[in-house]
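Below: one structure, written as structure tokens.
We number each residue from 1, following the sequence as shown.
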Amino acid sequence: MEVTCLLLLALIPFHCRGQGVYAPAQAQIVHAGQACVVKEDNISERVYTIREGDTLVLQCLVTGHPRPQVRWTKTAGSASDKFQETSVFNETLRIERIARTQGGRYYCKAENGVGVPAIKSIRVDVQYLDEPVLTVHQTVSDVRGNFYQEKTVFLRCTVNSNPPARFIWKRGSDTLSHSQDNGVDIYEPLYTQGETKVLKLKNLRPQDYASYTCQVSVRNVCGIPDKAITFRLTNTTAPPALKLSVNETLVVNPGENVTVQCLLTGGDPLPQLQWSHGPGPLPLGALAQGGTLSIPSVQARDSGYYNCTATNNVGNPAKKTVNLLVRSMKNATFQITPDVIKESENIQLGQDLKLSCHVDAVPQEKVTYQWFKNSKPARMSKRLLVTRNDPELPAVTSSLELIDLHFSDYGTYLCVASFPGAPVPDLSVEVNISSETVPPTISVPKGRAVVTVREGSPAELQCEVRGKPRPPVLWSRVDKEAALLPSGLPLEETPDGKLRLERVSRDMSGTYRCQTARYNGFNVRPREAQVQLNVQFPPEVEPSSQDVRQALGRPVLLRCSLLRGSPQRIASAVWRFKGQLLSPPPSVPVAAEAPDHSELRLDAVTRDSSGSYECSVSNDVGSAACLFQVSAKAYSPEFYFDTPNPTRSHKLSKNYSYVLQWTQREPDTVDPVLNYRLSVRQLNQHNAMVKAIPVRRVEKGQLLEYILSDLRVPHSYEVRLTPYTTYGAGDMASRVIHYTEPINSPSLSDNTCHFEDEKICGYTQDLTDNFDWTRQNALTQNPKRSPNTGPPTDISGTPEGYYMFIETSRPRELGDRARLVSPLYNASAKFYCVSFFYHMYGKHIGSLNLLVRSRNKGALDTHAWSLSGNKGNVWQQAHVPINPSGPFQIIFEGVRGSGYLGDIAIDDVTLKKGECPRKQMDPNKVVVMPGSGARRQPCPQLWGPVAIFLLALQR
């Protein structure tokens, strides 16, 4: 006789108050992947220890309803780095080949709109050990008034590691310590934070000339091996010494081939030589070979400092630097400075006048200047002076001063800059001095003070300069928030006063300043003006997309608002329904216009008025659209993921059932839900089971439940759930359910472990045995496995079904034992029954033992059952009674026989309270579990006062 209880949906008028099962988010961080977590940190949300280069895997396990969203962030260690930010359910932060800079504190933030978000953190500690570096330093000091000299050697070993490394010093193969040799001293320098150990050899002795090894270790944490470095100390050990084949400053002409040799003059061991360039890398085409640096056809851009460095880890590196100067000249400029003493800004007869000339040159101090007046060399006199290095002007500037300006001083002055004897072209600049030479003025042309353009178009800002000569115009931005010009420079020179901008964007809007330069013109206070740039761009609206739900017959107001745009106003708004233009006669909804929004009112939602509405808003520059999807469709169900133990396995079969629970999102927004359409499909299969689940009035927060039965172990299934109202089908929700083995204490539910899940129901491998049990199925079997032993499939006969077995091939030997240990159970009954299937086939079968480990006072293992020898190529069942006196575990022990044909397997382990059945059950019998029905369940805390009608079916 079997009894099944069904909860009748139509007879149960449940009502949930408040939020029902809605609950704020809670989070927990667990770690997985290639971790090497130290024992005391094997707890969630503490320290996750991982080796550099391995894969970091963190999971944020969440509870709460609706299902919380998860976002990962990181601080500490490298606070500015965000290695991954996600918005996924429940899941995983994964970093391949983690680096030491990615250590720090990681935060998981879970929120679902109910209450406050849950934030949990875990510190990730990345372990590493670099190669050690060993350097040698020597000191020589006088002792007792120069009677003799004492030589001391310091061997300094440095390494980067986490955790701090342990150092071991060796001379040859002998470990050194203070206590064994008075001639050595081992210490850690100040402020080195455990990264350095120094071996001091005091008053060097003959036996101190030997090979020294610095061995560093992090004590095999994360499996990181020790590392070592060796140095041989001799009586010729010396730091490197260098000399150059050229002077430290080398001036060459462009196009020449340059060769510089860096010569070793000392050093033991033989130093290594390396060339570098600053700033930047060595020039393209340069060749550094040993101590020789060659640069073919040198150019001005190759100027800079070239460094030759010699290292042999003894003393300090030796370094020599060559300053390579390639002769060049560019940017010839001039300045006209009126009488400074009289604070004049104009050229006036009887006052002083200074003309200045400057070029940017390499080397700057080697430039010579020559002045000409009206094509003839200018002659020095009491009223005409030529000076160099005026303190008020850039370095190496030539100035021609005219004292007490006369009319005869008017004319054309020419300044010529040159490198005497060098093949570098001269540069010259011409200045005309006359009564027409006047300082500049600057202004914005009429109608150009405000420039308005559309985004993406070119723009031209213009300032006009008058005066003689006319200097260049310098442009900059006035806005403090946008100090840089679109070119990325703070200042930009234009010779014609026009600033040209390509493809302007809205962030280029603002005020621009134009001002005269103080070079190539008068050296006076700059004149300036301003131009306003307005960039017009299309409108931005909200909502860009909105899902509008309403019950049939109720009104709806649609509103499209202007967020920003230039100009900031609505020029026109057009409404469309399903792509068709809406006209505004009184018989249809009317669109109301306003400067910053447009509205459309629907008097009643019907099937005919449901659909897509579009409001197209224009501001004469462009347009943007608000999209509204109006319907009376029900929102999607919200699956409840926090169901305790949703999986129910069935004894003696490979079926399981699953408790599916959900709530309805915003059920009062639309018409009441009448029923749900349930679709269940096994993954990788096409056919689906479809069923209608009728319901009565569903309230917000009310937990609904349906039991899915006859699911095949260990397959996963896709579940789709669609609500139906008088309007029709609502939004569908889907999820995938996975089979998980039960991990809980024995109870009357008699859960059976089929070993289908990788967690194998909480069983663990014993650490004190000789080898391990293996989980496999017919699909994962080794095709080269030994024939005539072991099962072809599990007890169900399906190729997907898993079982546990011991592999007795090499290197296993006679008597080797493998132990599989169950979770710890609390004894709440006097008797228990352990039922399981075993497969013992092969001529070398050893023994299968069942032991009970009591945890009353320490761990005590007791034999409860044993079987030996070949029992045939069949699965058979055993029932073993046990009576533990306290907390206990059960242990399956497989013992290897005399040969490799001795594989033993177990499957479908059940532990239940009470005595074992007297009659053994047929292991091939399939027990069909009763069917299941749908039921609706209120908030879990309200079971007490709810009346439940049950229908008992007796067969």
Side-chain angles (χ1 to χ4, degrees), residues 2-10 12 14 21 65-67 89-90 636-664 673 675-695 698 702-724 729-744 749-754 756-757 761 796 798 800-801 908 926-938 940 948 950-951 953:
E2 299 175 356
V3 177
T4 302
C5 294
L6 298 180
L7 194 61
L8 298 186
L9 294 171
I12 307 173
F14 289 126
V21 295
H65 189 70
R67 188 66 161 171
F89 284 145
N90 195 38
S636 61
E638 303 163 314
F639 284 113
Y640 188 69
F641 288 83
D642 300 333
T643 306
N645 299 322
T647 305
R648 300 287 188 268
S649 61
H650 300 167
K651 289 193 303 182
L652 308 180
S653 73
K654 285 295 181 177
N655 289 351
Y656 72 97
S657 59
Y658 193 91
V659 180
L660 186 70
Q661 293 181 312
W662 70 93
T663 59
Q664 179 60 39
V673 176
N675 61 75
Y676 288 90
R677 182 179 183 270
L678 174 68
S679 171
V680 181
R681 179 183 63 85
Q682 181 180 321
L683 293 186
N684 302 321
Q685 300 290 329
H686 297 291
N687 296 330
M689 182 277 289
V690 179
K691 185 172 184 178
I693 305 175
V695 293
V698 178
Q702 187 174 355
L703 190 64
L704 306 176
E705 179 179 301
Y706 184 82
I707 299 178
L708 304 173
S709 61
D710 297 329
L711 306 177
R712 297 291 293 169
V713 174
H715 296 294
S716 299
Y717 291 82
E718 181 191 39
V719 177
R720 296 184 177 184
L721 196 62
T722 306
Y724 276 77
D731 291 341
M732 180 268 295
S734 68
R735 63 169 294 189
V736 174
I737 60 173
H738 303 278
Y739 175 75
T740 55
E741 293 281 356
I743 305 177
N744 53 3
S749 60
D750 298 341
N751 282 317
T752 299
C753 181
H754 303 289
E756 303 299 343
D757 190 272
C761 311
S796 70
T798 59
E800 300 90 358
D908 286 15
V926 178
V927 180
V928 180
M929 302 302 293
S932 62
R935 61 181 178 175
R936 183 173 68 172
Q937 167 182 324
I948 304 174
L950 300 176
L951 176 64
L953 301 180

Check your understanding: Judged by atom type as modelled, is there a donor-acceptor pair below 3.5 Å linking the side chain of Tyr717 to the main-chain atoms of Arg712?
Key ->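 Yes; judged by distance alone, with no hydrogens or angles, the pair exists.
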
Determine whether [X] and [Y] make a side-chain contact, defined as any pair of heavy atoms from C-beta on separated by less than 4.5 Å.
X	Y	result
Leu721	Leu678	yes
His715	Asn684	no
Tyr706	Lys691	yes

Return the [atom1] to [atom2] distance between [X] and [Y], rounded to the nearest 0.5 Å.
X	Y	atom1	atom2	result
Asp757	Thr647	CG	OG1	9.5 Å
Met732	Ser636	CE	OG	9.5 Å
Leu711	Asn655	CG	CG	8.0 Å
Tyr656	Leu708	OH	CG	8.5 Å

Review point. For the residue pair His754 and Tyr739, does the interplanar ring angle fall in the parallel (under 30°), tilted (30 to 60°) or perpendicular (over 60°) class?
Key: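 The arrangement is tilted - the two ring planes meet at 30° to 60°.
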
Which atoms form the tightest heavy-atom contact between [X] and [Y], and what is the distance?
X	Y	answer
His738	Ser716	ND1-OG, 2.8 Å
Trp662	Glu705	CZ3-C, 4.0 Å
Ala729	Thr722	CB-CG2, 4.2 Å
Ser709	Ser657	CA-CB, 4.1 Å
Ala733	Pro637	CB-O, 3.5 Å

Exercise for review: Would you tell me whether Gln664 and Tyr676 have side-chain atoms, one donor and one acceptor, within less than 3.5 Å of each other?
Suggested key: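 Yes, a side-chain donor-acceptor pair sits under 3.5 Å.
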
Exercise for review: Among Leu704, Thr663, Asp642, find the residue that satisfies the side-chain contact (heavy atoms from CB on, under 4.5 Å) test when tested with Val21.
Suggested key: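 Result: among Leu704, Thr663, Asp642, Thr663 is the only option passing the side-chain contact (heavy atoms from CB on, under 4.5 Å) with Val21.
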
Review point. Please, which pairs that meet salt bridge (Lys or Arg N to Asp or Glu O under 4.0 Å) have at least one residue in residues 676-686, sequence neighbours excluded?
Key: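 Pairs touching residues 676-686 that pass the test: Arg681-Glu718.
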
